[in-house]
Amino acid sequence: IIEKAVDIMIKLGAIGAGMIAGVNLEAILNFDVEVVAIANRTVSRAQALADKLGIKDALFYADYNEMIAKENLDAVLITLSHDLHLDSFKACANAGVDVIIEKPLAMTFEECEVIQELAEKNNIKACVCHTQRYNPSMATARHLMDTMDFGKVHHIDDTMSIFYYHDERADWMLSKEISGNGPMINYGVHQFDRVYFLKGALPDPKSLYAQLSYCIPEQECISAYTISGSDNDGFTYNFSFSGYSGPVLGGTDVFCENGVIRVMVGDCPRSGVFYSVDNEQFKEAPLLYENSEMYKHQFKEAVACLNGEEN
């Protein structure tokens, strides 16, 4: 059961009306949020999304700058292509409007720094949608680490295999210039977040090594990658991604001072969390909630953030 996070109604505007916008808006409407306006280059698409989600009385704009100027918004949800994240965030921040933005935050480290400076300068609240940490398997693993004595995290291995170049993939996601090199930024940010979510600390990088593969000739973006890194405290990690055809496969192995946790996500053989402490046999942990609740948990925390609550 997802309880309401706050009692204050947030007036939300949405920038973007694609697939992920629909998923996000459907989840955030479980809380005290009113979607008062949607901006999308193709207005009819915004109208169709509102109809699908039962959003009544919303206004529609082709230009998000006009929406921000005319509507008295508390916050904006940004779900545009990656190359437009910085400009749309800047428009919101300079208007003093709080932001929920889809990952990745921006295309480059330098753009991320600009976004952070904009948020601080304009004193707005901002949060990024890192949905993977709300996957029930990931959340359950983090709960185990918070409530049991696994000790210091020494090493994490993370793998992800998702057929990236299917026919329904949006064209901009296949453009290196617009997407930021396809799977590398689209899923790499998920894996970085999974690693440090389970470590329970912010990165303190000492070294980083990456190997990229371009094995699909007709595509300009990468097809696979492997990344290895270390922090100054001795922590190490590896993560890899494959964009070739096949069912969804992935998981994370967390090696700690006093135990091991295996987090399984995807279709093979199934999702689940298995753990061992002090060299005992592996046990399976019950998941904290169903997969269908993932986005609701994410936006419960996002709404709480916008209202100044601690997460």
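Quick caveat: nothing in here was measured; it's all calculated off a predicted structure. The figures that follow rest on heavy atoms only: side chains count, while hydrogens, waters and symmetry mates do not.
In the hydrophobic clustering of this structure, V36 does not group with F60; members are Ile, Leu, Val, Met, Phe, Trp, Tyr whose side-chain heavy atoms approach within less than 4.5 Å, directly or through other members. Follow the hydrophobic side-chain contacts under 4.5 Å out from L25 and you never reach L59; the two are in separate clusters. I38 and Y64 sit in two unconnected hydrophobic clusters of ILVMFWY residues. Membership requires side-chain heavy atoms under 4.5 Å apart, directly or through other members. Taken together through direct or relayed side-chain contacts under 4.5 Å among Ile, Leu, Val, Met, Phe, Trp and Tyr, W172 and L86 form parts of separate hydrophobic clusters. The cluster map of Ile, Leu, Val, Met, Phe, Trp and Tyr, joined by side-chain heavy atoms under 4.5 Å apart, puts M19 and I185 in different clusters.
Other residues, nucleotides and ligands place more than 12 heavy atoms under 6.0 Å from the CD atom of E218. The number of heavy atoms from other shown groups lying within 6.0 Å of CZ (R169) is above 12. With a 6.0 Å radius and a threshold of 12 heavy atoms from other residues, nucleotides or ligands, D146 has its CG atom above the threshold. Residue Q116 places its CD atom among 12 or fewer non-hydrogen atoms of other residues, nucleotides or ligands, all under 6.0 Å distant.
At least one donor-acceptor pair closer than 3.5 Å links the side chain of R142 to the backbone N or O of L198. Judged by distance alone, with hydrogens and angles left aside, the side-chain atoms of S276 form no donor-acceptor pair with the main-chain N or O of G259 at under 3.5 Å. One N or O on the side chain of E220 and one on the backbone of K176 form a donor-acceptor pair closer than 3.5 Å. Of the possible polar contacts, one joining the D63 side chain to the N65 backbone as a donor-acceptor pair under 3.5 Å is found. Looking at K283, its side chain never comes within 3.5 Å of a backbone N or O of F274 through a donor-acceptor pair. The backbone N or O of G18 sits nowhere less than 3.5 Å from a side-chain atom of R45 that would complete a donor-acceptor pair. Between the side chain of N30 and the backbone N or O of E26, at least one donor-acceptor pair lies under 3.5 Å. Distance alone, capped at 3.5 Å, places no donor-acceptor pair between the H85 side chain and the I101 backbone. Between the side chain of N181 and the backbone N or O of I222, at least one donor-acceptor pair lies under 3.5 Å. Checked by atom type and distance alone, the side chain of H155 pairs as donor or acceptor with a backbone atom of T236 at under 3.5 Å.
How far CD1 of I20 is from NZ of K103: 8.0 Å, rounded to the nearest 0.5 Å. Separation of atoms CD1 (I15) and CD (E102) is listed at 13.5 Å; rounding is to 0.5 Å. Between atom CG of residue L77 and atom CD1 of residue I10 there is a gap of 11.5 Å, rounded to the nearest 0.5 Å. Taking CD from Q132 and OG1 from T252, the interatomic distance works out to 8.5 Å, rounded to the nearest 0.5 Å. Going from atom CG of L80 over to atom CG of N40 covers 8.0 Å, rounded to the nearest 0.5 Å. Distance check, rounded to the nearest 0.5 Å: CD1 of I28 to NZ of K296 gives 13.5 Å.
Remark: E117 does not engage K121 in a salt bridge, criterion side-chain N to carboxylate O under 4.0 Å.
Of the N and O atoms on the side chains of Y134 and E301, at least one donor lies less than 3.5 Å from an acceptor on the other residue. With no hydrogens or angles considered, no side-chain donor-acceptor pair links Y164 and Q219 at under 3.5 Å. The closest side-chain donor-acceptor pair between N258 and K152, if any, does not fall under 3.5 angstrom.
Using a 4.5 Å heavy-atom threshold, the side chains of T159 and L249 count as separate. Between E34 and D57, the closest side-chain pair of non-hydrogen atoms is not below 4.5 Å. Side-chain contact between V273 and I261: present, with at least one pair of heavy atoms (C-beta onward) separated by less than 4.5 Å. Within the 4.5 Å cutoff, the side chain of S271 has no heavy atoms near those of the P136 side chain. At a threshold of 4.5 Å between non-hydrogen side-chain atoms, the residues N291 and N135 count as touching. Contact annotation: the side chain of F197 never approaches that of I156 to less than 4.5 Å [non-hydrogen atoms, C-beta and beyond]. Put simply, the side chain of F235 reaches to within 4.5 Å of the side chain of V153, judged on heavy atoms. Contact of the L29 side chain with the I55 side chain is registered, since non-hydrogen atoms from C-beta on lie closer than 4.5 Å.
For the pair C256 and G151, the tightest heavy-atom approach, listed with the atom from each and the gap, is CB-O, 4.3 Å. Heavy-atom minimum distance, F150 versus L144: CE1-O, 3.7 Å. The two residues C215 and S213 make their nearest non-hydrogen contact at SG-OG, 2.9 Å. Closest approach of I115 to L105, counting heavy atoms only: CD1-O, 3.5 Å. When all heavy atoms of I68 and C92 are compared, the closest pair comes out as CD1-SG, 3.7 Å. Scanning both residues, M160 and R194, for their nearest heavy atoms gives CE-NH1, 3.3 Å.
Relative ring orientation between F241 and Y187 is described as parallel, the plane-to-plane angle staying below 30° on a 0-90° scale split at 30° and 60°.
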Please test V33 against L306 for side chain to side chain contact (heavy atoms under 4.5 Å, CB included), starting from the C-alpha separation and ending with a verdict. CA-CA 11 Å; V33 174; L306 295 182; over 6 Å; no
Run the side chain to side chain contact (heavy atoms under 4.5 Å, CB included) check on Y61 and K70 step by step: do they pass? CA-CA 10 Å; Y61 295 86; K70 289 185 176 180; 3.8 Å; yes
Take C129 and F299, measure what side chain to side chain contact (heavy atoms under 4.5 Å, CB included) needs, and give me the verdict at the end. CA-CA 8 Å; C129 296; F299 282 102; 4.0 Å; yes
Apply the test side chain to side chain contact (heavy atoms under 4.5 Å, CB included) to residues D83 and E177: give CA-CA distance (whole Å), side-chain angles for both, the deciding distance (0.1 Å), then the verdict. CA-CA 8 Å; D83 61 319; E177 181 180 359; over 6 Å; no
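Annotation: salt bridge (charged side-chain N to carboxylate O under 4.0 Å, His left out) contacts involving residues 247-261, sequence neighbours excluded, comprise D253-R262. Residue pairs meeting the side chain to side chain donor-acceptor pair (under 3.5 Å) criterion with at least one member in residues 223-232, sequence neighbours excluded, are Q191-Y225, Y196-D231, K199-D231, D204-N232, S207-S230, S223-Y244, S228-N238.
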